[in-house]
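Before any comments, here is the structure.
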Amino acid sequence: MRESLRLNPDISLQQQQILVSRGAELVAQGQFDPLVSGSVSRSRDLRPLREDERNALAFGSSGVPFNAQISNAITYAVGVDQTLLNGVIVGASVGVTTLYDNLSGANNIPPQTAGRIGFSVRVPLLRNAGTEATGANLLATEAELAAAKYELVFTNAQTLLNTTFAYWGYLAQMRRLEIARNAEGRSLTLVEETRRLINADELPVAESQLALANNGDRIRARISAEQALAEARRNLALQIGLTPERLVDLPTPTDDFPRYDGQPLGLDAPIGHLRDFALQRRADFAAAMQRERAARSRVTAARSGLKPQLDLIVGVGYNTLVENRAPSSIGQIVENNRVGPSVNAAVVVQLPWRNSAAEGIFLAQSATLSASLIRVRNLSDVIGASVFTNAQALVRSAQQLTQSVATSRYYRQSVENELTKRRLGLVTLIDVINVEDRLNEALAAEVQARQAYANAIAQLRFDLGTIVLEQDGHFDVVVEDLFNPIFEIPR
């Protein structure tokens with residue numbers, strides 16, 4: 001079982017699904033990550049001068065008349081924006097622009113460095129307003145990540161159940177092979193006894209044909225059992241996830257079938273109580289509930305998308321001015337000649353002529369939610385029915401096991417009695433073979449009953465969600481419970 005948890009490919013695939021869900025959650029969280037932006041720009045612009053401007057300026061410092069105004073600008077800007085869970089977007093920015101041109105220089109006007117510090121708030125009033133709408137996608141991905149984790153727990157439980165079934169199947173085939181070998185050995189002894197009696201003229205020669213035919217039938221059954229054991233070994237290896245190279249090294253079973261001593265199984269609780277007990281512990285039901293939660297969140301977001309876009313934008317800014325080209329300290333830009341605050345406000349409205357895309361998303365998400373509700377309700381019914389039916393199956397398999405053990409014991413004694421009577425000449429060879437056939441059938445039925453009883457214990461523990469138990473945030477597997485038919489269900 002430990003190897004199956006480590007090697008089973010279904011578990012490995014579900015672990016990758018958790019990573020996929022975690023990636024989707026990170027993508028959704030990215031919507032609320034601070035966004036830092038920055039820019040640097042440099043421009044040089046030439047504007048032809050009018051004749052009156054040229055005459056007024058006369059000659060430049062180089063003695064060459066001005067023909068154009070040459071303007072230079074260097075701008076540095078950095079800003080940060082943050083979307084909050086309630087949909088509000090807050091931002092802050094700092095920008096510095098240095099302007100200088102040849103005309104200003106000719107008039108002894110130094111370069112001008114202007115700074116601006118601004119703060120802004122964008123508040124959605126209809127679409128994307130509130131935590132339920134803006135945070136819906138994040139809430140949905142968080143629920144889907146939780147669902148993926150529960151599905152991993154359920155996959156572990158399914159793997160353990162299937163491994164348990166495969167192990168009991170392997171052990172059952174080994175027991176059937178033992179029965180076939182013992183039957184072959186008894187038939188060979190019967191052949192030898194028949195040959196001695198024929199040689200002693202106590203039986204006709206024709207009796208040997210029946211003994212040899214019976215021995216041939218037992219050999220055929222033993223060969224068939226050997227092949228069935230090989231297939232059971234392969235099934236267990238595949239369930240664990242072993243490579244073909246390790247298949248040949250798979251050891252024979254060491255743990256025997258669980259025993260039944262006639263004790264009460266503790267399964268007399270009402271069906272509703274058993275179902276509620278299972279629903280509280282079944283990881284697949286918890287995953288379905290998380291999927292429903294994710295679908296509800298996405299419906300909320302889709303419903304918000306049906307509304308018009310109406311945002312209120314408010315900004316506050318401070319402007320500064322430094323009369324040189326490159327201030328040596330940002331402090332000069334922030335403090336010198338500062339004026340403000342400047343305030344601006346705007347209302348932004350978007351009214352789509354037809355909101356077909358939003359309507360389509362809402363329709364699809366509503367259908368997804370309805371499907372999730374159907375799955376949850378159906379899974380609850382399936383779990384309740386399975387728990388009730390398999391609880392009865394465990395009780396009946398225990399009763400069948402008790403009868404099978406007794407039947408095998410009686411037939412063993414019957415075979416001994418038939419052999420004794422044959423030695424006394426009271427019965428024929430066919431009578432012995434018929435009773436021994438009954439013994440082999442009874443022994444095979446006992447193995448089948450032991451396998452069914454062991455499978456019923458594992459199946460009911462799976463149905464009740466107790467194969468994998470949650471303890472302090474961790475999940476534990478109690479292997480001993482698979483041998484224990486006593487169920488402790490709180491009243």
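Basis for what follows: all heavy atoms, side chains included, without hydrogens, waters or symmetry-related copies.
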Starting from the C-alpha separation in whole Å, work towards a yes-or-no answer on salt bridge (charged side-chain N to carboxylate O under 4.0 Å, His left out) for Glu3 and Arg6.
CA-CA 5 Å; Glu3 285 290 277; Arg6 186 175 68 90; 3.1 Å; yes
Is any side-chain heavy atom of Thr134 less than 4.5 Å from a side-chain heavy atom of Leu85?
no
Is Gln112 reaching over with its side chain to a backbone N or O of Pro110, donor-acceptor style, under 3.5 angstrom?
yes
Would a distance-only check, ignoring hydrogens and angles, find a side-chain to backbone donor-acceptor pair under 3.5 Å from Asn102 to Ala68?
yes
Trace of the side-chain contact (heavy atoms from CB on, under 4.5 Å) decision for Arg293 with Glu144
CA-CA 9 Å; Arg293 176 186 162 206; Glu144 288 173 344; over 6 Å; no
Identify the two heavy atoms, one from Leu46 and one from Arg44, that lie closest to each other, and give their separation to 0.1 Å.
CD1-NH1, 3.5 Å
Can you find a pair of side-chain heavy atoms, one from Leu138 and one from Gln31, that are under 4.5 Å apart?
no
Check: Gln158 main-chain N/O paired with Asn162 side-chain donor or acceptor under 3.5 Å:
yes
Rounded at 0.5 Å granularity, tell me how far CD1 in Ile361 sits from CG in Asn355.
8.5 Å
Non-hydrogen side-chain atoms of Val121 and Val88 separated by less than 4.5 Å
yes
For Arg127 and Gln350, test the side chains for any donor-to-acceptor distance below 3.5 angstrom and give the result as yes or no.
no
I would like to know whether Asn484 and Ile457 meet side-chain contact (heavy atoms from CB on, under 4.5 Å); could you show each step before the answer?
CA-CA 7 Å; Asn484 181 16; Ile457 295 174; 6.0 Å; no
Arg296 side, atom CZ; Gln365 side, atom CD - distance, nearest 0.5 Å:
13.5 Å
Should the pair Arg175-Asp256 be classified as a salt bridge under the 4.0 Å nitrogen-to-oxygen rule?
yes
Give me the one residue out of Leu464, Asp463, Val468 that meets side chain to side chain contact (heavy atoms under 4.5 Å, CB included) with Thr466.
Leu464
Kindly say whether Ser4 contributes a backbone atom to a donor-acceptor pair with the side chain of Asn8 at under 3.5 angstrom?
no
Is Ser304 reaching over with its side chain to a backbone N or O of Thr300, donor-acceptor style, under 3.5 angstrom?
no
Run the numbers on Gln400 and Arg450 for side-chain hydrogen bond (donor to acceptor under 3.5 Å, both in side chains), then give the verdict.
CA-CA 9 Å; Gln400 289 177 333; Arg450 292 187 182 278; over 6 Å; no
Provide the closest heavy-atom pair for Asn319 versus Ser342 in the form atom of the first, atom of the second, distance.
ND2-OG, 3.8 Å
Please confirm whether the backbone N or O of Ser104 pairs with a side-chain atom of Asp101, one donor and one acceptor, at under 3.5 Å?
yes
OG of Ser297 to CG of Leu369: how many Å apart, nearest 0.5 Å?
10.0 Å
Can you see which heavy atom on Pro308 is nearest to which on Leu351, and at what distance?
CB-CD2, 3.3 Å
Side chains of Val94 and Tyr76: does their closest heavy-atom pair fall under 4.5 Å?
no
Rounded to the nearest 0.5 angstrom, the OG-CG distance for Ser386 and Leu460 is 10.5 Å
Sub-4.5 Å side-chain heavy-atom contact between Phe277 and Val387:
no
At their closest point, which heavy atom of Asp311 faces which heavy atom of Leu125, and how far apart are they?
OD1-N, 4.1 Å
Arg47 side chain to Gln69 backbone, donor-acceptor under 3.5 Å
no
Could you give the distance from CG (Leu7) to OG (Ser12), rounded to the nearest 0.5 Å?
8.0 Å
Please indicate whether Arg42 has more than 12 foreign heavy atoms, meaning atoms of other residues, nucleotides or ligands, lying under 6.0 Å from its CZ.
yes
Lys/Arg cation over aromatic Phe257: Arg259, 6.0 Å, 45° cone:
no
Phe165 vs Asn235, side-chain contact (heavy atoms from CB on, under 4.5 Å): CA-CA, chis, key distance, verdict
CA-CA 10 Å; Phe165 285 168; Asn235 184 39; over 6 Å; no
Do the non-hydrogen side-chain atoms of Leu379 and Asp284 ever get within less than 4.5 Å of each other?
yes
When you measure from the side chain of Ser397 to the backbone N and O of Leu394, does any donor-acceptor pair fall under 3.5 Å?
yes
Distance check, rounded to the nearest 0.5 Å: Met289 atom CE versus Ser380 atom OG?
9.5 Å
As a test of understanding, state which of Thr75, Ile74, Thr97 forms a side chain to side chain contact (heavy atoms under 4.5 Å, CB included) with Ser41.
Thr75
Where do Glu292 and Arg377 land on the salt bridge (charged side-chain N to carboxylate O under 4.0 Å, His left out) test, with the steps shown first?
CA-CA 11 Å; Glu292 178 190 336; Arg377 184 170 58 252; over 6 Å; no
Would you say the side chain of Arg303 lies within less than 4.5 Å of the side chain of Arg298, judging by non-hydrogen atoms?
no
Provide the closest heavy-atom pair for Asn344 versus Val316 in the form atom of the first, atom of the second, distance.
OD1-N, 4.3 Å
Residue pairs meeting ring-ring contact (aromatic ring centres under 6.0 Å, His included), one or both in residues 130-162, sequence neighbours left out, come to Phe154-Phe462
If we ignore hydrogens and angles and just use 3.5 Å, is the side chain of Arg461 paired with the main-chain N or O of Asp481 as donor and acceptor?
yes
Reference residue Phe483; test ring-ring contact (aromatic ring centres under 6.0 Å, His included); the match among Tyr453, Trp168, Tyr260, Tyr167
Trp168
Hey, does Leu482 have a side-chain heavy atom less than 4.5 Å from the side chain of Met1?
yes
Minimum-distance pair of heavy atoms, taken over all atoms of Gln173 and Ala232
CG-CB, 3.7 Å
Ionic contact status for Glu25 with Arg22, cut-off 4.0 Å:
yes
Could you go through Tyr318 and Val339, starting from their C-alpha distance and side-chain angles, then the distance that decides it, and tell me whether this counts as side-chain contact (heavy atoms from CB on, under 4.5 Å)?
CA-CA 6 Å; Tyr318 293 86; Val339 295; over 6 Å; no
Would you say Gln309's side chain and Leu126's backbone share a donor-acceptor pair under 3.5 angstrom?
no
